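The block underneath contains the structure these notes are about, expressed in structure tokens.
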Amino acid sequence: MELPEFYRDYFLEGEQRWIGTVARSLNLLNTIFGPMSKVYGIGRCAKMTYEMWKELLEDEEVVQKERKPDLGLVFMIDRDVDYITPMCSQVVYEGLVDDIFRIKCGSVEFGPEVTSSDRSVKILLNSQDKVFGEIRNEHFSNVFSFLSQKARNLQSQYDKRRGMDIKQMKTFVSQELKGLKQEHRMLSLHIGACESIMKKKTKQDFQELLKTEHSLLEGFDIRECINLIEEHINRQVSPIESLRLLCLLSLTENGLIAKDYRSLKTQYLQSYGSEHLLTFSNLKRAGLLTEQTPTEALTAVESRVGKLVTDKAVGKLTDAFSSLAKKSHFRGISKKLGLIPRVDGDYDLKTPRDMAYVFSGAYIPLSCKIMEHVSQLNSV
């Protein structure tokens, strides 16, 4: 189904605006921090952004030659290079806050269930929020212990007022008290947010969701995963989560066999409405939810990475993509690049060794692994 010409032009114009914004941001970084030593990009949009950025630099070429590179490696990766990562449920604090409350333009609105009052509160999530800055990237299982310790530290800072003379009390009030009150307020909100997240994410549905995702990533019990997805759809747990599971199944298995595709699509439409026919059409066009064909060629990701990576430093990446099995391209990439951590015993979530902790040790994002290999081999 082709889009009308007007809409195609509209989307192309939007893409051009986005590319222009990124290119100007790169140029600003280049101006503030100095030239970048190396720039790597994967994908069509990354290439277009790089070309536009180079055009912006032409007027500053003389100035740039006089400056030594200050920034290290810069990576630009199209989203469609790594579709798997956004389909997985992250279990770090910031990710869960986004899932439950939705972070918009760097801010989030906490409702009465968090504020313990009859009104909502909108706050910025940035470095000025010291509590958030320390827990945003922490696995959720570690957050409560941190917040408990933070509460004790704040209480001890309040308690030191006792025994102060007038001069010390004046200094305390003018220099520390305001900051302590603000920190206490933010701590209270984040504790409330954690309690709200716990109520929703400790239910059996979420645990089954994580189990299904991890099995799909590892390639285990696929038929059982399909049965769980069907149950998830028929119980109408969540239309978005159901779609994410369908897309993850398709991406990890290099498409669904025709019988499963038709069955799952029918069940989804019966549960959530026929208006989602367009949703399935859009997902298919984007390559997120597809049917398997008898003669599958290597994915576009393989060809893009193979063309991008001409530097000898990333030979391991090109080798990973050149020897993919036809049954599942993701399985080949995962095996070659070690995207599924193999550890003895339980994965250490308190002192993680890699980015897999974001998904409870189940999966290292492909984009992170690419950057890791290129960075390591460039430092040799």
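Computation of the quantities below employed the complete heavy-atom set of this structure, encompassing side-chain atoms and omitting hydrogens, waters and symmetry-equivalent molecules. Owing to the predicted nature of the structure, the values given are computational and were not obtained by experimental measurement. In what follows, residues are counted from 1 in the order of the sequence shown.
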Identify whether [X] and [Y] are in the same connected component of the hydrophobic contact network (ILVMFWY, side-chain heavy atoms under 4.5 Å).
| X | Y | result |
| --- | --- | --- |
| Ile135 | Leu124 | no |
| Leu288 | Ile257 | no |
| Leu251 | Leu228 | no |
| Leu277 | Leu283 | yes |

Working for ring pair (Phe, Tyr, Trp, His ring centres under 6.0 Å), residues Tyr347 and Tyr357: CA-CA 8 Å; Tyr347 187 90; Tyr357 83 95; 7.9 Å; no
Under the side-chain contact (heavy atoms from CB on, under 4.5 Å) test, residues paired with Ser141 that sit two or more places apart: His139, Leu349
Those residues that, when tested against Thr85, pass side-chain contact (heavy atoms from CB on, under 4.5 Å) (two or more places apart): Arg79, Asp82, Phe359, Tyr363, Pro365
Donor-acceptor pair, side chain of Asp98 and main chain of Ile103, under 3.5 angstrom: yes
Sidechain-backbone polar pair: Asn126 side chain, Gly106 backbone, donor-acceptor under 3.5 Å: no
N/O donor to acceptor pairs below 3.5 angstrom from side-chain atoms of residues 182-190, sequence neighbours left out:
from	atom 1	to	atom 2	distance (Å)
Glu183	OE2	Lys150	NZ	2.7
His190	ND1	Tyr93	OH	2.7
His190	NE2	Asp129	OD2	2.8

Under the salt bridge (charged side-chain N to carboxylate O under 4.0 Å, His left out) test, residues paired with Arg119 that sit two or more places apart: none
Selection residues 100-112 - residue pairs positive for side-chain hydrogen bond (donor to acceptor under 3.5 Å, both in side chains), sequence neighbours left out: none
Side-chain donor-acceptor contact under 3.5 Å, Gln149 with Asn153: yes
Counterpart residues, side-chain hydrogen bond (donor to acceptor under 3.5 Å, both in side chains), relative to [X] (two or more places apart):
| X | result |
| --- | --- |
| Ser156 | none |
| Glu224 | none |
| Gln267 | Glu230, Asn234, Ser263 |
| Arg235 | Asp205 |

Pairs involving residues 255-279, ordered by first then second residue, that meet salt bridge (Lys or Arg N to Asp or Glu O under 4.0 Å) (sequence neighbours left out): Arg223-Asp260
Test ring pair (Phe, Tyr, Trp, His ring centres under 6.0 Å) applied to Phe280 - qualifying residues, sequence neighbours left out: Tyr268
Atom pairs and distances, side-chain donor-acceptor, residues 237-249, under 3.5 Å, sequence neighbours left out:
from	atom 1	to	atom 2	distance (Å)
Ser238	OG	Glu241	N	3.2
Glu241	OE1	His232	NE2	3.4
Ser242	OG	His232	ND1	2.9
Ser242	OG	Ser238	O	2.9
Arg244	NH2	Ser89	OG	2.8

Minimum heavy-atom distance Ser250-Leu289, with the two atoms named: OG-CA, 3.6 Å
